[in-house]
Amino acid sequence: MPEVVNGGAAGAAGASGAGASGASSDVNNNASSEQLGALSYVFLNSKGGMDGVDMQSVQQVVAAMSAGSRHEANERRKATEHAERTRQLLQRKSTWERDKVAVAKSRREVDAAVTRLEEQRRLSSVFCHVDQDQYYAACEEQERPELSGKAFAVGGIGMISTANYVARKYGVRSAMPGFIALKLCPHLIFVRPDFSKYTAKAQEVRGVLRTFDANLQVRGLDEASLDVTAYVKGRRDRDVLEAVAEKIRHDVAAATGGLTCSVGIAPTRELAKIASDRNKPNGQCIVEDFTREAVLSFIRPLETRKITGIGKVTDASLKALGITTVEDLYNARYLLHGILTPTASSFLLRTSLGIGAEDVSADRGGAEDDQQEHNRKSCSVERTFEPIGDRHTLSRKLIDIAFTLSRHLHDLGLRGHQLTLKIKLSNFEIRSRQVTLPHATDSSDDLIPAALKLLKAELPLSARLLGLKVSQWENENDTQVASRDILARFLQKGDEEDEEGGLRKVEEIVPSTTPTPAAAVAAKMAPPTTVRSEPWACIACTLENEASAKRCEACGALKGSSLPPTSTLALEKKRRAPTLLDGFASRLKKRSG
DNA sequence: ATACATACC
DNA sequence: GACTGGTATGTAT
């Protein structure tokens, strides 16, 4: 749904304390890394339940805890890139401003677009956004009443998923590393996440919400967007809508044994979501009344960061252009149209008018509108670990991931044509490599060799994360396929015993006593005493190896068994990433040329 | 078609 | 000391 404005973090200045003062577009940051000073982390954005928090001192703790780390170094690297892109953005701004022809053209086009958008504005629908409060934490507290009133966080020392409201008073937030949270709140209790619990509760909640809109749209485990137009029979009186919001909150709490949620009601899904955040927790907000004027006065003063789709980076770019609020966004519409991509500028224009994506039916190709199930487009598994440079160890990790992914695909009844390897280097740089497979698959027999090949091409390196993603489903247009495949697999169940342990470690998959069928066959064909020049398939990772190889080239397992890894020096290749703003420049070139 | 960046929960 | 995991999408080449 959302777009990307892209551009620089630059905002550097703003960091923590007092916002960008006069902020008038003179942002002359030569962003040397020392000048960047305080880095901007997502979890430093004050959010619900953090009203009285001294963000200044939270910021200091975060900075102190991060100082000197590889992660911080990476953040600085990114900040420098952002600063450069912002510089280019401002450059293009001034070029555009001096080009009177371009400015005039922009005016014509945007004015026409605004007219068109206003024609499409619909104020007759009633949307309701439901957002569970501190969801994971609420689920946990329900089962462990002794946590009540105490500061706790769902997650671990590495990363926090959800902080309860008590912990938030200390500045602890989701997406914050646990060790930093612990510094902010020394008595913080960590609770291990239990997703099956949250999923089960989410189903209960959805059951309730479906009585208000059978076609609700879910967003993660703790959010849903409802079209309650039919439920309210088209009425939009304030008291009717307040009553609906109250009923939803009441019904959800009743059905879940007390889980609370916050509700927002508005003429678009986007506005309803923003409204739901206003009186959190356990509150509700109905946008004044369903008129153009009410909508505009609701959004105009909002900070751009409140808009779903405008994240940290985009927000910083907008700030560099002197844009802080939605009103600023509207006032800058000609400029934005002139210097951003059409997708980005039209998203921002629509947003600044408070017009919903659903009103602009052209986007979605109206016909296949309300598909019952959300169509998943990819399935992925990724794991973080202590930095590893040894290629055999990396291969084993990757094989484990492939088995897990295979099992997930299998459970979903999906087979894909595309395999993507994701690598996070030990310095936090992210790399991805993709192949198109000869046929759609969900099998580890296909995934493992392909994944290992992708990895091998990148070696040597030292990584802290590996991930695999499968996408591009077979028979995308055939909805029958999935269920047919599930049936097929059910019928072949006997063949799948080997696969069943997809989660087991490689070492467990290769018991040294019992040779796999492949190894047994290999043994018959080539007795150990004879050195036969036959290629062999590695038992551990299935890769075909040269006859002369004594060990698997990919995973290092000894021919006929698995083997402990040997170490390899970690070298990280240096690559130049093209930036989005480079692209803007070339697009402009095309235009004028 | 592939690689990278941004965003959301 | 320590900074996630899963999915979608936009942009460039």
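Fair warning: this is a prediction, and the values are worked out from it, not measured in the lab.
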| Can you check whether A/S161 has a side-chain N or O nearer than 4.0 Å to OP1 or OP2 of C/dT4? | no
| So does A/S432 get a side-chain nitrogen or oxygen closer than 4.0 Å to the phosphate oxygens (OP1/OP2) of B/dC4? | yes
| said: Given B/dA1, C/dC3, C/dA2, identify the nucleotide with an atom nearest to the side chain of A/Y41. | reply: C/dC3
| request: Could you tell me whether the phosphate oxygens of B/dT6, OP1 or OP2, come under 4.0 Å of any side-chain nitrogen or oxygen in A/R85? | output: yes
| Which nucleotide in the set C/dG10, C/dC3, C/dG6 lies at the smallest distance from any side-chain heavy atom of A/R464? | C/dC3
| message | For the aromatic rings, using the six-membered ring if either is Trp, is the centroid distance between A/Y170 and A/H187 under 6.0 Å? | response | yes
| Base, sugar-phosphate, or nothing: which does A/S66 touch, judged by heavy atoms less than 4.0 Å apart? | base
| remark: From the candidates C/dT7, C/dG10, B/dT6, the one with an atom nearest any side-chain atom of A/T314 is B/dT6
| OP1, OP2 of C/dT11 versus side-chain N and O of A/T341: anything below 4.0 Å? | yes
| Charged tip of A/R168 within 45° of A/Y165 ring normal and under 6.0 Å | yes
| field | Any donor-acceptor pair under 3.5 Å from A/S432 side chain to A/L421 backbone | value | no
| request: Check step by step if side chain to side chain contact (heavy atoms under 4.5 Å, CB included) holds for A/E429 and A/K78. | output: CA-CA 10 Å; A/E429 278 183 50; A/K78 288 196 290 183; over 6 Å; no
| said: Is there a side-chain contact between A/Q418 and the phosphate of B/dT2, meaning an N or O under 4.0 Å from OP1 or OP2? | reply: yes
| said: Using the side-chain heavy atoms of A/S378, tell me which of these nucleotides is nearest: B/dA3, C/dT4, C/dA8. | reply: C/dA8
| query | If only side-chain N and O atoms of A/R431 are considered, is one of them under 4.0 Å from the OP1 or OP2 phosphate oxygen of B/dA5? | reply | no
| task | Using a 4.0 Å heavy-atom cut-off across all strands, classify A/L468 as base, sugar-phosphate, or nothing. | result | nothing
| field | Spacing between A/N74 atom CG and B/dT6 atom P, to the nearest angstrom | value | 11 Å
| said: Below 30° counts as parallel, above 60° as perpendicular, anything between as tilted: where do the rings of A/Y136 and A/Y198 land? | reply: parallel
| query | Is there a donor-acceptor contact under 3.5 Å linking the side chains of A/R269 and A/S225? | reply | yes
| task | Spell out, as yes or no, whether a donor-acceptor pair under 3.5 Å connects the side chain of A/D328 to the backbone of A/T324. | result | yes
| request: Have a look at A/L465 and say if it touches a base, only the backbone sugar-phosphate, or nothing, with a 4.0 Å heavy-atom cut-off. | output: sugar-phosphate
| request: For A/M65 and for A/K469, find the nucleotide of DNA chain C with the closest heavy atom, then tell me which residue's nucleotide is more 5'. | output: A/M65
| Distance check: side-chain N/O of A/R433 vs OP1/OP2 of B/dC4, anything under 4.0 Å? | yes
| field | Nearest to side-chain heavy atoms of A/R376, which nucleotide of C/dT7, C/dG6, C/dT11 | value | C/dT7
| task | Determine, step by step, whether A/K306 and A/E303 satisfy the salt bridge (charged side-chain N to carboxylate O under 4.0 Å, His left out) criterion, reporting the C-alpha distance in whole Å, the side-chain angles of both residues, the deciding distance to 0.1 Å, and the verdict. | result | CA-CA 6 Å; A/K306 291 283 184 191; A/E303 302 208 338; over 6 Å; no
| Under-4.0 Å side-chain N/O to phosphate OP1/OP2 contact, A/K312 with B/dA7 | no
| Phosphate-side-chain proximity, A/R219 and C/dA8, N/O vs OP1/OP2 below 4.0 Å | no
| query | When you check the phosphate oxygens OP1 and OP2 of C/dG1, does a side-chain N or O of A/R70 lie under 4.0 Å from one of them? | reply | no
| Between C/dT7 (P) and A/F195 (CZ): distance, integer Å | 12 Å
| message | By the 4.0 Å heavy-atom rule, please label A/K424 as base, sugar-phosphate, or nothing. | response | sugar-phosphate
| query | In whole angstroms, how far is the P atom of C/dT9 from the CZ atom of A/F347? | reply | 14 Å
| Could you state the CD-C1' distance from A/E223 to C/dT7, rounded to the nearest angstrom? | 15 Å
| task | Would you tell me if any nitrogen or oxygen in the side chain of A/H82 comes within less than 4.0 Å of OP1 or OP2 on B/dT6? | result | yes
| note | Atom NZ of A/K201 and atom C1' of B/dC9 are separated, to the nearest Å, by 20 Å
| message | Within the 4.0 Å heavy-atom criterion, would you say A/D222 contacts the bases, only the backbone, or no part of the nucleic acid? | response | sugar-phosphate
| query | So does A/T384 get a side-chain nitrogen or oxygen closer than 4.0 Å to the phosphate oxygens (OP1/OP2) of C/dC3? | reply | no
| Within the structure shown, what part of the strands sits under 4.0 Å from A/E72 by heavy-atom distance: base, sugar-phosphate, or nothing? | nothing
| message | Could you tell me how far apart A/I180 (CD1) and C/dA2 (C1') are, to the nearest whole angstrom? | response | 9 Å
| query | Whole Å only: how far is the CD atom of A/E382 from the P atom of C/dG5? | reply | 6 Å
| said: Within the 4.0 Å heavy-atom criterion, would you say A/S380 contacts the bases, only the backbone, or no part of the nucleic acid? | reply: base
| request: Could you give the distance separating B/dA7 and C/dT4 at their C1' atoms, to the nearest angstrom? | output: 15 Å
| query | Quick one: A/F190 CZ to C/dT4 P, roughly how many Å, whole number? | reply | 14 Å
| query | What is the nucleic acid contact for A/K273, judged by heavy atoms within less than 4.0 Å: base, sugar-phosphate only, or nothing? | reply | sugar-phosphate
